[in-house]
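Below: the structure, in structure tokens.
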Amino acid sequence: MSKAAELAALIGSQSALSNRNLIINGAMQVAQRGTSETGITAGKYANAPDRYLLGLGSAGTWTAAQSTDAPVGFSNSYRLDCTTADASLGGGDLLVFQQTIEGQNLQHLKKGTSSAESVTVSFYVKSNKTGTYIVELFDADNSRQISQAYTISSANTWEKKTLTYAGDTSGALNNDNGVSLYLVCWLAAGSAYSSGTLSTSWNAFTQADRAVGQVNLADSTDNDWSITGIQMEIGEQATPFEHKSFGDELAACQRYFTKSYNQGTAVATATVVGSVYKVMDAAMNYGTENVVFPTSMRATPTVGIYSPITGALGKFDSNTSGGTTDLNLVAVNIGDNGFSGQSNNQAVGVNAYMRWHYTASAEL
């Protein structure tokens with residue numbers, strides 16, 4: 001083979017390996033909402049790395065954080081700490097850590113065809129709680145599921161895990177911007193989710209077969225669990241983790257959630273830094289200012305407006321009448337590329353300023 005042919009083959013092999021990770025923010029680099037949140041008792045996107053939803057139902061109280069404890073080659077992890085235990089789970093109690101994926105990003109899996117592709121999920125995990133854990137793929141378009149077990153063998157030690165899931169020849173995924181697939185890491189599962197037989201091959205959804213054998217991470221306030229380096233890719237072999245730049249991961253996350261606050265500043269913080277700012281050139285009862293998002297969002301988002309002085313929701317700050325804070329502001333004309341902030345029958349004088357922060361969420 002000539003040198004030119006060798007070079008072409010090398011470039012081709014490298015290109016084939018790019019953009020292979022179906023998971024966004026797998027190295028836990030981006031945490032737009034904030035880096036730590038305590039007292040979590042219900043499911044939510046916490047102040048922790050972006051794109052990961054905690055599903056929580058009566059399984060203790062938790063602190064979520066973007067941690068700097070990570071295996072070699074990584075800088076961050078997603079960490080959960082139990083602060084109120086639930087040693088005796090009710091039938092419907094659960095704790096899951098999950099990411100949702102758009103159907104239009106999954107068409108190359110060929111799901112629902114005779115050529116359906118296998119996928120491999122790999123990650124680094126660490127916990128004081130050894131034992132069996134379950135990772136599930138759930139097809140939301142066709143109510144189908146498959147689960148695999150892994151074991152944390154050594155307490156408080158970073159371990160790499162690799163799980164392979166067969167291709168599913170039943171149930172094509174929708175080619176749209178809705179949720180088609182869930183990657184679900186189980187951490188606690190009541191009998192409603194664990195009393196059957198684990199679905200280690202693709203099957204029609206059966207609640208009791210989802211997390212059979214799962215340990216109860218919620219059974220002690222000594223318990224913690226951390227994860228990073230999550231990768232889901234086509235094939236039956238795990239390749240080295242696809243490290244992406246912070247900027248690339250941030251842009252991918254901003255399709256689902258974005259904000260005016262600086263990176264590293266939690267939502268509702270009292271700060272004028274980064275706030276939307278407009279000086280009115282005429283007195284009016286309905287002052288407006290337009291916002292353009294840094295990237296087109298997945299769908300029309302839910303917008304929150306925050307005072308830069310107090311952090312109050314639905315408010316803006318102005319120097320009208322000698323300095324006024326927390327006047328009413330609403331989001332109007334909301335689209336996937338931006339919106340307008342409009343003062344809600346609040347008089348804003350000539351040469352007065354309006355300033356406020358926003359968040360926009362189009363999470364699946």
Side-chain angles (χ1 to χ4, degrees), residues 18-33 43-46 48-55 78 96-113 115-117 119 121 136-146 165 167-168 170-185 202 205 230-234 242 244-260 267 290-304 331-340 358-364:
S18 63
N19 297 314
R20 66 192 183 278
N21 192 359
L22 294 168
I23 298 300
I24 295 173
N25 201 26
M28 311 301 170
Q29 296 169 271
V30 180
Q32 293 187 90
R33 293 175 175 86
K44 66 182 303 184
Y45 286 95
D50 277 41
R51 295 271 35 245
Y52 297 100
L53 173 65
L54 289 182
Y78 193 121
V96 294
F97 171 86
Q98 59 192 11
Q99 185 168 131
T100 52
I101 307 174
E102 296 177 51
Q104 61 192 4
N105 294 338
L106 298 167
Q107 296 304 300
H108 57 308
L109 298 186
K110 306 170 192 172
K111 192 174 181 299
T113 75
S115 302
E117 300 277 5
V119 297
V121 177
E136 175 192 24
L137 300 183
F138 174 69
D139 168 3
D141 292 329
N142 303 285
S143 293
R144 293 176 62 76
Q145 69 188 85
I146 184 171
Y165 301 78
D168 187 13
S170 298
L173 300 175
N174 295 341
N175 185 22
D176 59 22
N177 67 344
V179 57
S180 284
L181 194 69
Y182 288 80
L183 173 69
V184 185
C185 298
W202 282 102
F205 176 72
I230 306 176
Q231 183 154 285
M232 183 163 72
E233 59 192 311
I234 286 179
E242 182 183 7
K244 297 180 181 179
S245 71
F246 180 87
D248 285 346
E249 290 286 28
L250 175 61
C253 291
Q254 287 174 329
R255 176 170 170 78
Y256 303 91
F257 180 85
T258 190
K259 63 176 186 175
S260 56
V267 173
N290 297 324
V291 168
V292 177
F293 298 136
T295 189
S296 293
M297 303 197 72
R298 180 192 64 84
T300 300
T302 299
V303 174
V332 297
N333 305 323
I334 304 171
D336 57 12
N337 286 306
F339 69 99
S340 299
Y358 72 87
T359 60
S361 177
E363 297 282 6
L364 288 158

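These numbers come from the heavy atoms of this one structure, side chains and all, not from hydrogens, waters or symmetry mates.
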Enter the distance from [X]:[atom1] to [Y]:[atom2] here, rounded to the nearest 0.5 Å.
| X | Y | atom1 | atom2 | result |
| --- | --- | --- | --- | --- |
| Asn105 | Leu173 | CG | CG | 11.0 Å |
| Glu136 | Gln145 | CD | CD | 5.5 Å |
| Leu183 | Leu22 | CG | CG | 10.0 Å |
| Ile230 | Tyr52 | CD1 | OH | 4.0 Å |
| Ile24 | Gln29 | CD1 | CD | 12.5 Å |

Exercise. With Arg298, which residues qualify under side chain to side chain donor-acceptor pair (under 3.5 Å), at least two apart?
Worked result: none
Seminar exercise, completed: Across all chains, not counting sequence neighbours, the side chain to side chain donor-acceptor pair (under 3.5 Å) partners of Thr100 are Arg51
Seminar exercise, completed: Sequence neighbours excluded, the answer for salt bridge (Lys or Arg N to Asp or Glu O under 4.0 Å) partners of Asp139 is Lys111
Exercise. Passes side-chain contact (heavy atoms from CB on, under 4.5 Å), Asn177 versus Gln104? Steps please.
Worked result: CA-CA 6 Å; Asn177 67 344; Gln104 61 192 4; 3.8 Å; yes
Exercise. Side-chain donor-acceptor pair under 3.5 Å between Ser180 and Asn174, yes or no?
Worked result: no
For this session: Verify whether one side chain among Asn290 and Ser340 offers a donor that lies under 3.5 Å from an acceptor in the other.
Result: yes
Side-chain donor-acceptor pairs of residues 248-257 under 3.5 Å, sequence neighbours excluded:
{"residue": "Asp248", "atom": "OD2", "partner": "Ser245", "partner atom": "OG", "Å": "3.3"}
{"residue": "Glu249", "atom": "OE1", "partner": "Asn25", "partner atom": "N", "Å": "3.1"}
{"residue": "Arg255", "atom": "NE", "partner": "Glu102", "partner atom": "OE2", "Å": "2.9"}
{"residue": "Arg255", "atom": "NH2", "partner": "Glu102", "partner atom": "OE1", "Å": "3.0"}
{"residue": "Arg255", "atom": "NH2", "partner": "Glu102", "partner atom": "OE2", "Å": "3.4"}
{"residue": "Tyr256", "atom": "OH", "partner": "Glu102", "partner atom": "OE2", "Å": "2.5"}

Nearest heavy-atom neighbours spanning [X] and [Y]:
| X | Y | result |
| --- | --- | --- |
| His108 | Ile234 | CD2-CD1, 3.2 Å |
| Phe293 | Gly335 | CE1-O, 3.4 Å |
| Ala299 | Ala362 | O-CB, 3.6 Å |
| Leu364 | Tyr45 | O-OH, 3.8 Å |
| Ala46 | Arg33 | O-CD, 3.7 Å |
| Ile23 | Ile101 | CD1-CD1, 4.2 Å |

Flag the pair [X] / [Y] as yes when at least one side-chain heavy-atom distance between them is below 4.5 Å, and no otherwise.
| X | Y | answer |
| --- | --- | --- |
| Leu137 | Asp168 | no |
| Leu54 | Tyr78 | yes |
| Phe138 | Leu181 | no |

Seminar exercise, completed: For Ala116, the side-chain contact (heavy atoms from CB on, under 4.5 Å) test, sequence neighbours excluded, returns Thr169
Exercise. Taking only residues two or more places apart in sequence or in another chain, which ones pass side-chain contact (heavy atoms from CB on, under 4.5 Å) with Ser296?
Worked result: Asn337
Problem set entry | Glu242 (side chain) donor-acceptor with Asn21 (main chain) under 3.5 angstrom | yes
Problem set entry | Geometric class of the Tyr358/Phe339 ring pair [parallel <30°, tilted 30-60°, perpendicular >60°] | perpendicular
